[in-house]
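All remarks here apply to the structure that follows.
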Amino acid sequence: MPREHTPTVSETEVALVADQASLGLLRFDEALRVRTANLAAHHALERRPGSLLGRTLMETFVDHKLEDLVRAAADGESGVRESDSRDRTSIIVRARPASDGGAWVTIENVTELQRLRRIRSEFIDNLSHELRTPLANIRLLTEMLLDDLENEEVSVRMRERVATIDIETGHLVQMINELLDLSRIEQTSTQVRNDKVLLAPLVASSMRRLHTFAERQGVVLVELVPDDLPPIRGDEERLDQLLMNLLHNAVKFSPGGGTVTVTSDEHPDGVVISVADHGVGIPTKDQARVFERFYKVDRARERGLGGTGLGLAIARHIAEAHGGRIWLESVEGQGSTFSFSLPFA
Ligand code: ADP
């Protein structure tokens, strides 16, 4: 192979390109000193351009958690950490081992993203509060109207229309309440309660409360969570809300005669709770999106099953606020299994 075809790029050239990137890029050598740092890295760490070269870990980050992260990467273990220590600057730092010792580090500045998130949250909060009062009035008036109609000679159609207004207003009120709930959970996601929670009794009590709804739908609830499951640390009320959302969906989307089963799976570092149904299932293309706010698979809408599309968004926030995650497996037409993990204390 002729030599001139082998592409070579000088280190200076790489550095020039790296300076164009908005992602902060740092390379630590084996002695854990900065060997390369692009402009964005200097900006994210609030340093004068060029001043990071040769710095130690401590001098670079002034944050022992970030130092540990990079040290672990140099020892072969990749990792990621969020940090917002510097005057309201939020960064996400990722570190991975470099091939010849040391570590590569990327720094993503998410300050603006978080500011926008906060604004969105406040907007939803304000809007929901504003909508609450007029809605409560409409609801009250509709109920009064329904009462009035009891003693009047009116057509069935009219009675039905008012009844529908009443039902739809109820949906709106529920949606507003869930929106407020979601924005509250989002704003306090890092500070849920830290009580000792036994999962078996929690699952049993959620199931008891759903019993009537399940019976009406002709669905059987089965609980397979062992009583001796070690306790986890968390917020009982929120975990109950998470479970109720999953169970409610499972029953809602099950056919008459179906079964909804709750199981648990104990791991060394935590427990996984799963809620399985044999209902309509969720198409593959929608699976990644059902945890987004307001996302609904079309059919659910067509079948007029109500619901706000917020339940799973709330569920995801609760799982993540507990240091866990939530996911689903589903085959369209065969059923869905929603699972969430919770780490042990
Ligand atoms: P909703 O209030 O509409 O139930 P969720 O956020 O709880 O809102 O769920 C979002 C959407 O995900 C639902 O509208 C439905 O299309 C789908 N979904 C959730 N759970 C199930 C399930 N167990 N089986 C089938 N589809 C489901």
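Side-chain atoms are counted along with the backbone in the values below, which use heavy atoms only and exclude waters and symmetry mates.
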Practice task
Assess whether side chain to side chain contact (heavy atoms under 4.5 Å, CB included) is satisfied between T259 and T261, documenting all intermediate values.
Solution key: CA-CA 6 Å; T259 308; T261 315; 3.8 Å; yes

Practice task
Verify the neighbour count for atom CG of D147: are there more than 12 heavy atoms of other residues, nucleotides or ligands below 6.0 Å?
Solution key: yes

Exercise for the section: Answer yes or no: is there a side-chain heavy-atom contact under 4.5 Å between S183 and S128? Expected result: no

Handout entry: Under 3.5 Å: donor-acceptor pair, side chain of R159, backbone of L149
Key = yes

Handout entry: Side chains of L242 and I326 in contact at under 4.5 Å (non-hydrogen atoms)
Key = yes

Exercise for the section: Answer yes or no: does atom CD of E77 have more than 12 heavy-atom neighbours from other residues, nucleotides or ligands under 6.0 Å? Expected result: no

Practice task
Could you tell me which non-hydrogen atom of V70 sits nearest to which non-hydrogen atom of A95, and how far apart they are?
Solution key: CA-CB, 4.2 Å

Practice task
Examine the side chains of Q114 and S90 and answer whether a donor and an acceptor come within less than 3.5 Å of each other.
Solution key: yes

Problem - N194 (side chain) donor-acceptor with R233 (main chain) under 3.5 angstrom - result: no

Handout entry: Under 3.5 Å donor-acceptor, N38 side chain and A15 backbone
Key = no

Exercise for the section: Find out if a path of hydrophobic residues (ILVMFWY) with successive side-chain heavy-atom gaps under 4.5 Å connects I273 to W327. Expected result: no

Practice task
Answer whether the closest heavy-atom distance between the side chains of I92 and R81 falls below 4.5 Å.
Solution key: no

Practice task
Could you tell me which non-hydrogen atom of A103 sits nearest to which non-hydrogen atom of A73, and how far apart they are?
Solution key: CB-CB, 3.9 Å

Practice task
Would you mind reporting whether L328 and T337 have side-chain heavy atoms less than 4.5 Å apart?
Solution key: no

Handout entry: In one Ile/Leu/Val/Met/Phe/Trp/Tyr side-chain cluster, 4.5 Å: M244, L312
Key = yes

Problem - Exam field: side chain H42 to backbone G50, donor-acceptor pair closer than 3.5 Å - result: yes

Exercise for the section: Search all heavy atoms of E223 against all heavy atoms of V203 and return the closest pair with its distance. Expected result: CG-CG1, 3.5 Å

Problem - Main-chain N/O of V197 paired to D195 side chain as donor or acceptor, under 3.5 Å - result: no

Exercise for the section: Using a strict 4.0 Å threshold on nitrogen-to-oxygen distance, state whether E292 and R316 make a salt bridge. Expected result: no

Handout entry: V222 vs T263 side-chain heavy atoms within contact, under 4.5 Å
Key = no

Handout entry: Atom pair CG (L243) and OG (S206), whose distance is rounded to the nearest 0.5 Å
Key = 4.5 Å

Completion exercise
side-chain contact (heavy atoms from CB on, under 4.5 Å) test vs E168 passes for just one of T164, L172, I165, namely T164

Fill in the blank from the handout: Tightest non-hydrogen contact, residues L39 and D19, listed as N-OD1, 2.8 Å

Handout entry: Interatomic distance, K285 atom NZ to E332 atom CD [nearest 0.5 angstrom]
Key = 7.5 Å

Completion exercise
One should read off an interatomic distance between I91 CD1 and N109 CG, to the nearest 0.5 angstrom, of 7.5 Å

Problem - Expected output: side-chain R35 to main-chain F28 donor-acceptor under 3.5 Å - result: no

Handout entry: Between D166 and T142, a side-chain donor and acceptor under 3.5 Å
Key = no

Handout entry: Donor-acceptor pair between E46 and T89 side chains, under 3.5 angstrom
Key = yes

Exercise for the section: Of all the heavy-atom pairs spanning N245 and G311, show the shortest one and how long it is. Expected result: ND2-O, 3.0 Å

Fill in the blank from the handout: Output for pair (L198 CG, E236 CD), nearest 0.5 Å, gives 8.0 Å

Handout entry: All ring-ring contact (aromatic ring centres under 6.0 Å, His included) counterparts of F123, not counting sequence neighbours
Key = none

Problem - Euclidean distance, E143 CD relative to T169 OG1, rounded to 0.5 Å - result: 9.0 Å

Handout entry: Check ion pair K252-D277 (N to O, under 4.0 angstrom)
Key = no

Problem - Flag if over 12 foreign heavy atoms under 6.0 Å of CD, E59 - result: yes

Problem - Flag side-chain contact, heavy atom, 4.5 Å: F253 against S336 - result: no

Handout entry: H317 side chain to A313 backbone, donor-acceptor under 3.5 Å
Key = no

Practice task
Look only at the side chain of H322 and the backbone of I318, and say whether a donor-acceptor pair between them is shorter than 3.5 Å.
Solution key: yes

Practice task
Would you please say whether a donor-acceptor pair under 3.5 Å links the side chains of Q241 and E237?
Solution key: no

Handout entry: Salt bridge R209-D240, side-chain N to carboxylate O under 4.0 Å
Key = yes

Handout entry: Criterion side chain to side chain contact (heavy atoms under 4.5 Å, CB included) on Q287 and S330, from CA distance to verdict
Key = CA-CA 8 Å; Q287 289 183 8; S330 180; 3.6 Å; yes

Exercise for the section: Decide yes or no for L45 and I107: does some side-chain heavy atom of the first lie under 4.5 Å from some side-chain heavy atom of the second? Expected result: yes

Handout entry: Rounded distance (nearest 0.5 Å) linking atom CZ of R161 with atom OG of S155
Key = 7.5 Å

Exercise for the section: Please lay out, stage by stage, how V34 and T56 fare under the test side chain to side chain contact (heavy atoms under 4.5 Å, CB included). Expected result: CA-CA 7 Å; V34 176; T56 62; over 6 Å; no

Practice task
Inspect the contact between R157 and E160 and indicate whether a charged nitrogen and a carboxylate oxygen are less than 4.0 angstrom apart.
Solution key: no

Handout entry: S51 side chain to R47 backbone, donor-acceptor under 3.5 Å
Key = no

Practice task
Answer yes or no: is there an ion pair linking R289 with D286, defined by an N-O contact shorter than 4.0 Å?
Solution key: no

Practice task
Go through the steps for I282 and F338 under the test side chain to side chain contact (heavy atoms under 4.5 Å, CB included), then give the verdict.
Solution key: CA-CA 11 Å; I282 299 171; F338 283 84; 3.8 Å; yes

Exercise for the section: Check whether any side-chain N or O of S341 sits under 3.5 Å from a backbone N or O of R325 as a donor-acceptor pair, and report yes or no. Expected result: yes

